[in-house]
Colleague: 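Please read through the structure below; I'll follow up with questions.
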Amino acid sequence: MADLAAETAVHNHGFDAERVKQDFPILNQQVNGHPLVYLDNAATTQKPQAVIDAISHYYQHDNSNVHRGAHSLADRATAKFEQARQRVAQFLNAPASRQILWTRGTTEGINLVASSWGGSNLNAGDRVLVSAMEHHSNIVPWQMVAEKTGATVEAIPVDDTGTLDLQAFSDMLDERVRMVSVNQVSNALGSINPIADIIRLAHEHGALVLIDGAQAIAHWPVDVQAMDCDFYVFSGHKLFGPTGIGVLYGREELLNAMPPYQGGGEMIETVSFDGTTYNQLPYKFEAGTPDIAGAIGLAAAIDYVDSLDRAAAAAHEHALLAYATEKAHEVPGLKLIGTATEKCAVLSFVLEGVHPSDLGMLLDQQGVAVRTGHHCAQPLMQQYGIPGTVRASFSFYNTFEDVDRLFAALDKARQLLT
Ligand code: PMP
């Protein structure tokens, strides 16, 4: 380990990433003849044994449909499913678990708000602000509802370092801005957005705020009441939980006033051909059989995360990023994309004369998994004038040795490609 790594290791409160890594069985394998180095955590995180066990225990012992059964398995499944909702509410410090709606993930959460709240509140001339570094899932749903309502979707500028321009944002605000929807952390760059200022300024102008927490939720504790956001969304699979489950938190009076997003079983109170009445929160927004095992798996993931020293885990991730950034500066022809002062867990870069996907392939051949491409942030790539980047993204189970392996593999690839 290099001097810098040794030094930062001392300063990271002794977080034992090597030990934590052992909780994740998938990480203990060879890929293309090399021990796997998994650096694609922004795309999805791996699952600890505790999550795998919780899902498999559910299917082996408790599987049943929820809320409408008249037997013991249905009671057990329902109890576990609703306990999972309470676990999420506690994790986010939501005032009540009925404000926690299950979704398929971040994408569905944003679509739900855009379609239900936007469809019933936006009018011609209203404005929705998103940042220039949003994931497509926080752009397109707003464009879709804007097309129907005559509202407009505008981008808050981001400078060349990947920092959101707070002054420009403040200047954009007026009484026609009804919604501000931004990510807490950019998946393409790792920039941490000043959401406290964004929320305060938006509220001062009477706009609501949705925070896309997809890239933040795994990295530090979130308190939706302290944050004072109106909606918060994230995906279970980015928090060491299963795919197919996500969470939408919303302020109760907003959720109560919003029309259902989908119709079907569970979301109704009574149905007749003369008229249908809707169920209360949260069920009004949960038509059909939910992802029961997913919710239970997500609760197990939250238990796992909370069993760690989160401050130490965050310090460790920060040290990994600092170490990787330092090493990146030494690589000839490497240009970092995203150099904001406040960054989290993402090292995005291009190598002069090399297509990101060629580089990604050569890294994979050496057992190093990264993501290449536009990272579902095409407007941002257009701003930088590049087709995409190579993105290494870290989690607390990554080690300084993983970073060394990335740069050793990069060195080899560079010699082959340049
Ligand atoms: N927003 C951000 C910032 C993301 O990183 C992602 C996933 N890459 C999403 C939204 C979409 O998440 P999902 O595909 O889980 O719905």
Side-chain angles (χ1 to χ4, degrees), residues 38-47 51 88 101-115 128 130-144 153 155-156 158 162 164 179-195 198 209-220 222 229 231-249 261 290-291 294-295 297-298 301 317 337-338 340 342-348 369-381 388-395:
Y38 185 77
L39 297 175
D40 195 16
N41 295 289
T44 200
T45 51
Q46 298 301 350
K47 321 305 169 199
V51 168
V88 173
L101 314 184
W102 298 118
T103 63
R104 282 193 303 116
T106 306
T107 302
E108 191 177 47
I110 300 171
N111 273 278
L112 191 162
V113 177
S115 167
V128 173
V130 300
S131 87
M133 59 180 148
E134 293 309 313
H135 189 278
H136 295 162
S137 63
N138 199 17
I139 301 174
V140 185
W142 298 112
Q143 289 176 326
M144 287 164 64
V153 181
I156 307 161
V158 169
L164 183 139
M179 171 64 77
V180 177
S181 191
V182 291
N183 58 39
Q184 199 171 357
V185 174
S186 152
N187 65 307
L189 307 178
S191 316
I192 301 174
N193 278 320
I195 57 161
I198 291 172
V209 183
L210 181 151
I211 299 295
D212 168 356
Q215 292 299 335
I217 195 75
H219 300 292
W220 62 77
V222 166
C229 58
F231 299 102
Y232 191 91
V233 291
F234 74 89
S235 305
H237 71 96
K238 309 230 193 223
L239 183 64
F240 316 100
T243 51
I245 188 81
V247 168
L248 162 61
Y249 156 83
Y261 172 55
D291 184 353
L298 176 54
E317 290 176 359
I337 304 296
E342 298 294 326
K343 272 188 69 174
C344 175
V346 169
L347 192 81
S348 228
V370 295
R371 170 63 76 93
T372 63
H374 54 63
H375 314 297
C376 298
Q378 283 182 359
L380 187 67
M381 297 298 130
T389 74
V390 177
R391 181 188 71 188
S393 51
F394 305 105
S395 180

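Every number for a ligand or one of its atoms is a count from 1 in the order of the listing. Below, all heavy atoms of this structure are taken into account, side chains as well, without hydrogens, waters or symmetry copies.
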Colleague: Give the contacting part of Asp212 toward ligand 1: side chain, backbone, both or neither, where contact means a heavy-atom distance below 4.0 Å.
Modeller: side chain

Colleague: Begin with the C-alpha distance, continue with both residues' side-chain angles, and end with the deciding distance and a verdict on ring pair (Phe, Tyr, Trp, His ring centres under 6.0 Å) for His136 and His374.
Modeller: CA-CA 10 Å; His136 295 162; His374 54 63; 5.6 Å; yes

Colleague: Can you list everything that forms a side chain to side chain contact (heavy atoms under 4.5 Å, CB included) with Ala155? Sequence neighbours excluded, please.
Modeller: Ala132

Colleague: Distance to 0.1 Å, residue and atom name: give those for the protein heavy atom nearest to atom 16 (O) of ligand 1.
Modeller: Thr107 OG1, 2.5 Å

Colleague: May I ask you to check whether Gln184 and Tyr232 show a side-chain donor-acceptor distance below 3.5 Å?
Modeller: yes

Colleague: Using side-chain contact (heavy atoms from CB on, under 4.5 Å), reason through Val233 and Leu210 one step at a time and then give a plain yes or no.
Modeller: CA-CA 8 Å; Val233 291; Leu210 181 151; 4.0 Å; yes

Colleague: Can you pull out the closest protein heavy atom to atom 6 (C) of ligand 1? Residue, atom name and distance to 0.1 Å, please.
Modeller: His135 CD2, 3.4 Å

Colleague: Below 4.0 angstrom from a heavy atom of Ser235, which ligand 1 atoms are there? Numbered from 1 as shown, please.
Modeller: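 The list of qualifying atoms is 12 (O), 13 (P), 15 (O), 16 (O).
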
Colleague: Is a donor from one side chain sitting under 3.5 angstrom from an acceptor on the other, for Asn193 and Asn183?
Modeller: yes

Colleague: Return yes when atom CE of Met144 has more than 12 non-hydrogen atoms of other residues, nucleotides or ligands closer than 6.0 Å, and no otherwise.
Modeller: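 Counting other residues, nucleotides and ligands, CE of Met144 stays at 12 neighbours or fewer.
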
Colleague: How would you list, by chain and number, every residue that makes a side chain to side chain contact (heavy atoms under 4.5 Å, CB included) with His237, sequence neighbours excluded?
Modeller: Thr44, Lys47, Ser235, Thr243

Colleague: Which bit of His375 gets closer than 4.0 Å to ligand 1, counting heavy atoms only: side chain, backbone, both or neither?
Modeller: neither

Colleague: Consider ligand 1: state whether an atom of it lies below 4.0 angstrom from any non-hydrogen atom of Glu134.
Modeller: no

Colleague: Please state which protein non-hydrogen atom is closest to atom 5 (O) of ligand 1 and give its distance, to 0.1 Å?
Modeller: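 Answer for atom 5 (O) of ligand 1: Gln215 NE2, 2.6 Å.
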
Colleague: Among all protein heavy atoms, pick the one closest to atom 7 (C) of ligand 1 and tell me residue, atom and distance.
Modeller: Lys238 NZ, 2.5 Å

Colleague: What is the nearest protein non-hydrogen atom to atom 10 (C) of ligand 1, stated with its residue, atom name and distance?
Modeller: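 For atom 10 (C) of ligand 1, the nearest protein heavy atom is Ser137 OG, 3.1 Å.
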
